[in-house]
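The block underneath contains the structure these notes are about, expressed in structure tokens.
One-based numbering along the sequence shown. The analysis underlying the following values was restricted to heavy atoms, covering all of them including side chains, and did not include hydrogens, waters or symmetry mates. Read the numbers this way: they start at 1 and go in the same order the structure lists the ligands and their atoms. In this text, all values refer to a predicted model and were calculated from it rather than measured experimentally.
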Amino acid sequence: MSHRVLTGITTTGTLHLGNYVGAIRPAVAASRAPGVESFFFMADFHALIKCDEPDRLARSSRAIAATWVAAGLDTSRVTLYRQSDIPEIPELSWLLTCVTAKGQMNRAHAYKAAVDAATAAGEEPDANVTMGLFSYPVLMAADILMFNAHKVPVGKDQVQHIEMTRDIAQRFNHLFGQGREFFVLPEAVVDAEMELLPGLDGRKMSKSYDNVIPLFEGGAKALKEAVARIVTDSKLPGEPKDPEGQTLVTLYDAFATPEQRAAFRTALREGLGWGEAKQQLVALIEGQIGPMRAVYDELMAHPEKLEAILQAGAARARAIAVPFLKTLREAVGLRPYTQTAATAVAKAEKVALPVFKQYREADGKFYFKLLSADGALLLQSAAFEQGRDAGQWVARLKREGLVADAPVTREAADADIAAALAAFQDD
Ligand code: TRP
């Protein structure tokens, strides 16, 4: 079975080298693996929560989409789309909102941080909180559950949101599934590298520290200028240098082969000057990023090409989202009036299947029996002291068929019993 990987990037800025090394590059590489179905999207609905500059949002979305494609994403295999092109996502978000506990959202880190900041500033706790910010995790759950993603690559700060997604999914499955698991419970995948790439000053590369190396913006010139600002020690050319722990070396490592890494370290130990080392770093990065930048610039100059790619991605995404949402709407009771038979049909189908009945007798003990579709007794269990044990045997028989040590007596032909038990494995 194929396995689905999904991740989104909020469209509020342009991407830097840390985003490329930590998120884009590994995602593109992983999307090439056999048996993987990838969904990557521009989280532009999420961007609205923190950005009220329409032009900036629009430009960011375009730049991030172009970056995915320029970084080598194979859009014939990967579904690349804008969140806002999939109206089923906000619709699912509402269905999920209705089963999400407010108390759980109160505990979301992002919301709590906003409350703490307001409180510290002597304001009302919710002074700066919109309903968008408060409901952020529910929208994110909808992003993930809409496509039943198994794995969600994210930064550490997002792990809580994936946990919330699992809770919400479980709640919905429980309330409306009637035995069906509509939603897969997703897992967060946190790439250690994502946390590691340092910025110019050695702290984590981040816009908020003003220490980023731009990925494509500003061309090779901006790359060179940023690298020139990397903080090093004050050793002069010719002096031996200790490469370990140097930001410059960590950045070099992120683009180098093991052989290149070793050679770079040797050269520094033998006195390579920092200026020369920086030139080597620029050459190394530019060798990989340069050709991508050409694709990026082309897509930015021809938005119609990019738009066509995104439209195709949206069509693919909606081919999944539209029928799935239809099922979910029916499950919660949003049905055309002509479909009054739906529940009855489902019930009739159920009657046509064999059933396990669990019950308690006057002796206080627990039992179960297996009845055929037309109500004939097939299996009768022994007595159990605990109801739980009876339940576990029922589950095991459903899963594995009639195992030899099952505490039951056969009340019908073996073939009939086997056929009835097989019915549980089909669904
Ligand atoms: N919240 C994520 C971030 O800021 C972006 C995002 C939105 C996302 N929806 C998602 C990531 C779904 C993974 C899956 O990084």
Which N/O atoms of ligand 1 sit under 3.5 Å from a protein N/O, and at what distances?
residue: ligand 1; atom: 1 (N); partner: Y136; partner atom: OH; Å: 2.6
residue: ligand 1; atom: 1 (N); partner: Q158; partner atom: OE1; Å: 2.8
residue: ligand 1; atom: 4 (O); partner: T10; partner atom: OG1; Å: 3.3
residue: ligand 1; atom: 4 (O); partner: Y136; partner atom: OH; Å: 3.2
residue: ligand 1; atom: 9 (N); partner: D143; partner atom: OD2; Å: 2.7

Side chain to side chain, V332 and L328, heavy atoms closer than 4.5 Å: no
Do the ring centers of Y136 and F45 come within less than 6.0 Å of each other? no
Where the side chain of Q288 meets the backbone of F255, is there a donor-acceptor pair that is under 3.5 Å apart? yes
In terms of the angle between their ring planes, are F324 and F183 parallel, tilted or perpendicular, with boundaries placed at 30° and 60°? perpendicular
Less than 3.5 Å apart, any donor N or O on the side chain of E217 or T14 sitting next to an acceptor on the other? no
So is R293 actually on top of F216's ring, under 6.0 Å and inside 45° of the axis? no
